Amino acid sequence: MEGGVVAARAEGEGMRIAVLTVSDAGAAGVRADASGDAIVSWASGHHARVTARAIVPDESVEIVRCLLAWCDSDVADVVFTTGGTGLAPRDNTPEATRAVLERDAPGLAERMRALELARFPRAALSRAVAGSRARTLVINLPGSPGGVRDSLQALEPVLGHAIDIVRHVPTDHSPGEGAKQ
């Protein structure tokens with residue numbers, strides 16, 4: 001799959017991912033981390049390894065602290081956050097993520113929403129963002145396991161290439177198979 005999820009890393013290893021679940025109930029231990037588990041399950045099926053995982057409450061300072069630590073210490077090629085992307089007053093993930101990002105990648109969040117809208121109209125309520133800091137891609141995913149799976153499926157054709165670009169791996173910028181020229 002050229003440019004896809006299993007694109008070879010320059011170091012010859014699989015994609016490294018970190019999972020940050022943003023949930024008051026999850027952080028308090030009263031709700032299972034089903035959306036984080038969905039990311040881990042996806043990773044195991046895509047030759048990726050989870051290098052870090054945490055659950056924090058819907059508090060901007062906690063989210064920012066974790067994202068900065070992981071991005072600035074090169075813990076992962078991509079950090080997936082899950083939760084806190086809706087319209088509720090406690091949904092702080094997009095704002096916290098924006099505070100950390102050095103470069104926006106709006107097309108990634110747009111792709112996740114666009115591919116889901118026809119089947120699930122409430123996807124339009126997502127405020128998820130994506131971008132990079134240092135050599136790490138950061139992508140907000142929804143807080144539901146189904147939304148996580150759908151979003152990751154939407155990202156599969158472009159994720160490996162995006163990571164290669166952020167990590168300064170030489171890439172082929174020609175259109176992929178089946179792309180219109």
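For clarity, every value in this text was computed on a predicted model and none was experimentally measured.
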More than 12 heavy atoms of other residues, nucleotides or ligands under 6.0 Å from CZ of Arg122: is that the case?
-> no

List the steps and the verdict of side-chain contact (heavy atoms from CB on, under 4.5 Å) for Trp70 and Leu20.
-> CA-CA 10 Å; Trp70 288 351; Leu20 179 61; 3.7 Å; yes

Over all heavy atoms of both residues, which pair between Ser60 and Ala96 is shortest? Give the atoms and the distance, please.
-> O-CB, 4.0 Å

Does Asp164 reach the main-chain N or O of Ala162 with its side chain, forming a donor-acceptor pair under 3.5 Å?
-> no

State, with a plain yes or no, whether a side-chain heavy atom of His46 is found less than 4.5 Å away from one of Glu156.
-> yes

Working to the nearest 0.5 Å, report the span between CZ of Arg133 and CG of Leu68.
-> 5.0 Å

Mind checking whether Val75 and Val78 sit in one hydrophobic cluster, side chains of I, L, V, M, F, W, Y counted as touching below 4.5 Å?
-> no

Under a 4.5 Å cut-off applied to non-hydrogen side-chain atoms, are Val138 and Cys71 in contact?
-> yes

Roughly how far apart are Leu152 CG and Leu159 CG, rounded to 0.5 Å?
-> 8.0 Å

When you measure from the side chain of Ser73 to the backbone N and O of Ala69, does any donor-acceptor pair fall under 3.5 Å?
-> yes

Side-chain donor/acceptor of Arg103 to backbone N/O of Gly131, under 3.5 Å | no

Ion pair check, Arg113 and Glu116, cut-off under 4.0 Å = no

Would you say the side-chain atoms of Thr136 pair up with the backbone N or O of Ala76, donor to acceptor, closer than 3.5 Å?
-> yes

In this structure, OG1 of Thr81 is separated from CG of Leu67 (nearest 0.5 Å) by 7.0 Å

Does Asp24 offer a backbone N or O that forms a donor-acceptor pair with the side chain of Asp58 under 3.5 Å?
-> yes

Do Leu141 and Leu101 belong together in a cluster built from hydrophobic side chains that touch within less than 4.5 Å?
-> no

Are Leu137 and Val50 connected, step by step, through hydrophobic side chains (Ile, Leu, Val, Met, Phe, Trp, Tyr) whose heavy atoms are closer than 4.5 Å?
-> yes

Heavy-atom side-chain contact between Leu155 and Ile139 under 4.5 Å = yes

Would you call Asp33-Arg53 a salt bridge at under 4.0 Å N-O?
-> yes

Under 3.5 Å, is there a donor-acceptor pair between the side chain of Asp91 and the main chain of Ala88?
-> yes

Sub-4.5 Å side-chain heavy-atom contact between Ser144 and Ser35 | no

Note: Pro57 and Val22 closest approach over all heavy atoms is O-CG1, 4.0 Å

Quick one: pull up CZ in Phe80 and CD1 in Ile17 and give me the separation to the nearest 0.5 Å.
-> 6.0 Å

Heavy-atom nearest pair, Ala38 first then Arg149, reads CB-NH1, 4.1 Å

For Pro157 and Ala154 the tightest heavy-atom approach is CD-O, 3.4 Å

So Met112 and Ser126, side-chain contact (heavy atoms from CB on, under 4.5 Å) or not? Walk me through it.
-> CA-CA 10 Å; Met112 291 185 298; Ser126 170; over 6 Å; no

Compute whether any side-chain donor of one residue and acceptor of the other, for Thr93 and Asn140, lie under 3.5 angstrom apart.
-> no

Nearest heavy-atom pair of Leu117 and Ala124: which atoms, and what distance?
-> CD2-N, 3.3 Å

Rounded distance [0.5 Å steps], CG in Asp77 versus CZ in Arg135 = 8.5 Å

How far apart are the C-alpha atoms of Asn92 and Glu59, what are their side-chain angles, what is the distance that settles it, and do they pass the side-chain contact (heavy atoms from CB on, under 4.5 Å) test?
-> CA-CA 7 Å; Asn92 296 309; Glu59 296 289 343; 5.6 Å; no

Val79 reachable from Val64 in the ILVMFWY side-chain graph, under 4.5 Å edges | yes

Val129 side chain reached by Asp104 side chain, heavy atoms, under 4.5 Å = no

For Arg16 against Asp74, the heavy-atom pair lying closest together = NH1-O, 2.9 Å

Should Val19 and Val166 be regarded as members of a common hydrophobic cluster, given that ILVMFWY residues are connected when their side-chain heavy atoms come within less than 4.5 Å of each other, either directly or indirectly?
-> yes

Can you measure from OG (Ser151) to CD1 (Ile39) and round to the nearest 0.5 angstrom?
-> 9.5 Å

Decide if atom CD of Glu102 counts as having more than 12 heavy atoms of other residues, nucleotides or ligands within a radius under 6.0 Å.
-> yes

